[in-house]
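Take a look at the structure set out below.
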Protein chains: 2
Amino acid sequence: MATIQEVAQKAGVSVATISRYLNNPAIVAKETREKVEQAIKTLNYEPSMLGRNLRKSESRLLIVLLPSISNPFYTEVINGIEDTAIEKGYNILLCQTDSKPEREEIYFNMMKNRLADGIISMDPTVDRAKLIEIAKNFPLVQCSEYDEEGIITYVTIDNELAAYHAVKHLIKIGHKKIAMINSGEKFLYARERKQGYLRALNESGIPFNPDWIFTTDNLEFDAGRQAMKSLLGKSEIPTAVFAVSDILAIGALKEINLKGLAVPDDIALVGFDKISFSNMTQPTLTTISQPMYQMGSMSVHMLINKINGKHTESIILDHELVIREST
Amino acid sequence: MATIQEVAQKAGVSVATISRYLNNPAIVAKETREKVEQAIKTLNYEPSMLGRNLRKSESRLLIVLLPSISNPFYTEVINGIEDTAIEKGYNILLCQTDSKPEREEIYFNMMKNRLADGIISMDPTVDRAKLIEIAKNFPLVQCSEYDEEGIITYVTIDNELAAYHAVKHLIKIGHKKIAMINSGEKFLYARERKQGYLRALNESGIPFNPDWIFTTDNLEFDAGRQAMKSLLGKSEIPTAVFAVSDILAIGALKEINLKGLAVPDDIALVGFDKISFSNMTQPTLTTISQPMYQMGSMSVHMLINKINGKHTESIILDHELVIREST
DNA sequence: ATGAAAGCGCTAACAG
DNA sequence: CTGTTAGCGCTTTCAT
């Protein structure tokens with residue numbers, strides 16, 4: 001591996017000239033430039049990021065913190081993050097916490113150790129106090145999550161309104177017995193979506209039946225099945241279900257099918273996220289689409305602003321109700 | 001951000017001592033150690049990886065090259081890679097090529113620029129010549145793919161045998177009209193799986209019907225639907241289908257359902273990969289399970305061996321036929 | 001057990 | 001337009 005010194009020697013110029021050529025070829029004289037190009041080519045030189053990074057005290061790496069990469073919701077957000085990061089000359093470190101604090105610790109330390117220039121946190125289970133402490137000392141934005149205290153810059157959607165739209169849609173097509181499959185209320189978005197659900201019911205004068213809210217302890221397929229199983233066992237069975245994630249809805253769909261019931265004729269179903277699988281089920285799933293790619297892209301812009309010391313406002317993006325076969 | 005110098009000054013020792021404390025606390029005297037610990041704590045010192053990396057000329061980063069993170073097959077392999085890498089003190093850079101050469105180029109350059117210590121390539125569409133060139137100059141292993149010339153170390157399964165097992169299973173439960181949904185034969189695994197399909201037919205004296213092989217040009221859900229649509233339009237319709245990926249099989253399932261046919265009664269279906277979604281469909285999918293996690297884990301071990309200059313043999317892992325409701 | 005000093009590869013004043 | 005020089009923060013001989 002050739003170094004900048006060797007190239008300088010070969011080209012008969014100083015290392016500064018090589019560095020200038022690398023960073024701004026225009027400012028070196030045409031004649032010199034040609035000599036440099038020649039030397040670089042014959043030595044097969046590639047500049048070392050290690051040297052550059054130390055000198056500029058930056059890594060051009062962004063940490064993306066998420067619970068798990070296997071959740072299709074995140075994969076689309078990541079696409080937005082990645083494309084924008086590359087465009088801006090950054091690379092991303094995808095960090096799965098699996099909701100384990102010790103993993104989280106590793107990634108926060110990488111930030112402290114200057115291995116990354118900033119963090120995009122998408123983990124809802126992250127330790128709040130630690131996150132705030134990091135946010136105070138390093139560039140950090142939250143994506144799809146946010147802290148109610150508003151200390152941390154974020155990009156998200158209006159979860160209350162999105163849930164309201166979903167349930168309103170079910171009411172509009174004639175449903176009155178509407179259940180909700182929610183995730184734990186320790187999550188802010190779960191509390192907000194429940195509010196939207198309640199507001200929609202309330203507005204239409206439909207009484208709230210606590211029997212029809214099922215709270216899962218995770219967002220996996222099986223949790224959706226269990227939830228539906230429970231709902232189907234109630235004395236009065238709902239005719240429509242709003243699930244706060246497509247995977248939960250797909251689990252519910254499975255259970256409905258197993259019981260010999262049909263969607264949407266016996267039970268209508270609305271999911272959340274518009275993951276690609278939601279279009280592969282039989283029937284396809286009505287769902288709330290979040291602007292996932294845009295969320296990712298925006299977070300990068302905001303984070304890079306922060307890295308460059310600029311002030312950035314939090315932002316709330318629009319969602320969309322996608323009506324398909326399940327309602 | 002405190003530096004090692006400041007800590008040294010505060011503790012009244014030399015920077016060398018701080019460095020020793022950081023890397024091997026045992027070799028510094030107990031009394032000095034305490035002074036150092038005190039200084040580190042009061043200054044809130046965190047060592048900079050940038051300095052360390054330059055000095056040791058390593059980045060402790062591994063590039064993982066894959067077509068797309070949204071394919072669930074890769075997510076599980078990645079889990080194996082990530083866990084093992086972290087255990088070994090490395091971090092991973094997940095790099096999606098989207099099968100675009102220019103993206104590939106970026107990541108190869110990162111390697112040349114010493115931003116990573118090695119590459120795990122899982123991309124079947126990678127430019128072969130370039131890959132070999134990189135492999136000659138840098139630590140690189142292939143995961144789930146391999147080059148027939150055998151220059152590059154790899155970890156994979158026996159695709160021919162896996163396909164053979166899948167088709168043999170269909171024959172055993174009484175099928176004779178067995179179609180195959182394959183991906184393009186530019187992919188080695190596609191050619192190998194076709195060989196396995198043919199061998200199984202041949203061994204049971206079932207004549208090969210070229211009408212029943214459909215070659216898709218991608219691995220998406222819609223390609224599976226199109227393939228099935230075509231197969232259902234043939235003069236003679238097969239009673240069983242072997243698809244080389246679960247996503248293709250799920251697409252086929254959708255099309256079968258739309259035509260009012262039932263799986264497995266009218267048509268039996270076997271997929272490949274055992275992605276988590278293959279257990280969420282109605283009916284659940286019979287499939288070939290690859291040891292994805294282990295493949296990821298092994299690749300990291302092999303790559304780190306290479307990084308450390310040790311010789312490493314390629315390896316072929318076992319697959320497993322998982323019989324579920326679709327057959 | 002500790003310190004002094006060199007240097008990893010690069011960039012950025014500064015001077016000319 | 002180009003060269004000289006001083007580091008960025010760390011590790012690692014080589015002495016002591």
Side-chain angles (χ1 to χ4, degrees), chain A residues 1-40 43-61 89 109-117 307, chain B residues 1-40 43-61 89 109-117 307:
Chain A
M1 295 287 89
T3 74
I4 201 172
Q5 335 269 354
E6 300 174 74
V7 179
Q9 195 170 7
K10 185 109 198 165
V13 298
S14 76
V15 291
T17 301
I18 309 296
S19 176
R20 284 191 202 98
Y21 171 79
L22 258 23
N23 294 289
N24 188 2
I27 64 168
V28 0
K30 184 151 178 279
E31 208 178 319
T32 329
R33 198 158 55 210
E34 279 157 6
K35 282 192 293 181
V36 173
E37 275 159 3
Q38 187 56 40
I40 287 181
L43 288 177
N44 205 0
Y45 168 72
E46 297 278 353
S48 160
M49 286 305 154
L50 299 173
R52 174 177 298 177
N53 287 346
L54 173 59
R55 178 57 225 238
K56 305 180 87 164
S57 50
E58 65 176 19
S59 64
R60 291 257 147 193
L61 248 32
N109 277 333
M110 287 172 60
M111 184 70 241
K112 291 180 185 163
N113 294 335
R114 269 74 100 217
L115 225 157
D117 294 343
I307 290 172
Chain B
M1 294 285 90
T3 75
I4 202 173
Q5 335 271 354
E6 301 175 71
V7 179
Q9 195 170 5
K10 185 106 193 169
V13 298
S14 75
V15 292
T17 301
I18 309 296
S19 177
R20 285 192 198 99
Y21 170 80
L22 258 22
N23 294 288
N24 188 0
I27 63 168
V28 2
K30 184 154 178 278
E31 208 177 320
T32 328
R33 197 156 57 210
E34 280 157 6
K35 282 190 294 181
V36 173
E37 276 157 2
Q38 188 56 42
I40 288 181
L43 289 177
N44 206 1
Y45 169 72
E46 298 276 353
S48 159
M49 286 305 154
L50 299 173
R52 175 176 297 176
N53 288 346
L54 173 60
R55 178 57 225 242
K56 304 180 88 165
S57 50
E58 64 176 21
S59 64
R60 292 255 145 195
L61 247 32
N109 277 335
M110 287 172 59
M111 183 72 241
K112 290 180 184 162
N113 294 335
R114 269 75 99 216
L115 224 158
D117 294 343
I307 291 171

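Bear in mind that the values here come from a model prediction, so they are computed numbers and not experimental data. The sequence lines fix the lettering, A, B, ..., with proteins before strands; numbering per chain opens at 1.
- Regarding A:Met1, its CE atom lies at a distance of 16 Å from the C1' atom of C:dC10, rounded to whole Å.
- Atom CG of B:Asp117 and atom P of C:dC8 are 19 Å apart (whole Å).
- B:Tyr45 meets the side-chain hydrogen bond (donor to acceptor under 3.5 Å, both in side chains) test with no other residue; sequence neighbours excluded.
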Margin query: Walk along nucleotides 11-16 of chain C from 5' to 3' and tag each nucleotide B, S or - by protein heavy-atom contact under 4.0 Å, base first, then sugar-phosphate.
Written below: BBB---
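- Residues A:Arg52 and A:Arg60 form no side-chain contact, since every pair of their non-hydrogen atoms from C-beta on lies 4.5 Å or further apart.
- Using a 4.5 Å heavy-atom cutoff, the side chains of B:Leu50 and A:Ser59 are in contact.
- Between B:Val13 and B:Val28, every side-chain heavy-atom pair lies at or beyond the 4.5 Å cut-off.
- Between B:Thr17 and C:dG3 there is a side-chain polar atom (N or O) within less than 4.0 angstrom of OP1 or OP2.
- Legend: residues meeting side-chain hydrogen bond (donor to acceptor under 3.5 Å, both in side chains) with A:Arg55, ordered by chain and number and at least two apart, are absent.
- Rounded to whole Å, the distance from CD on A:Glu6 to P on C:dG9 is 8 Å.
- Within 4.0 Å (heavy atoms only), B:Leu50 reaches no atom of the nucleic acid at all.
- Rounded to an integer number of Å, the gap from NZ of A:Lys35 to C1' of D:dG3 is 13 Å.
- For A:Asn53 and C:dC8, the CG to P distance is 18 Å, given to the nearest whole Å.
- Taking side-chain N and O atoms only, B:Ser14 has a distance below 4.0 Å to OP1 or OP2 of C:dG3.
- Between B:Glu58 atom CD and C:dG9 atom P there is a gap of 14 Å when expressed in whole angstrom units.
- B:Leu61 pairs with exactly one of B:Leu115, B:Asn53, B:Asp117 by the side chain to side chain contact (heavy atoms under 4.5 Å, CB included) rule, that one being B:Leu115.
- Side-chain contact between B:Pro25 and B:Arg33 is present, with at least one heavy-atom pair separated by less than 4.5 Å.
- The distance between atom CG of B:Asn24 and atom C1' of C:dA1, rounded to the nearest whole Å, is 12 Å.
- With the nearest nucleotide of DNA chain C identified for both B:Glu31 and B:Ser57, B:Glu31 has the one nearer the 5' end.
- Heavy-atom distances to DNA chain C give each of B:Ile27 and B:Leu54 a nearest nucleotide, and the one nearer the 5′ end belongs to B:Ile27.
- A:Tyr45 comes within contact range of the sugar-phosphate backbone alone, with a heavy-atom separation under 4.0 Å but no base atom that close.
- Between the OH atom of B:Tyr21 and the C1' atom of C:dA1 there is a distance of 16 Å, rounded to whole Å.
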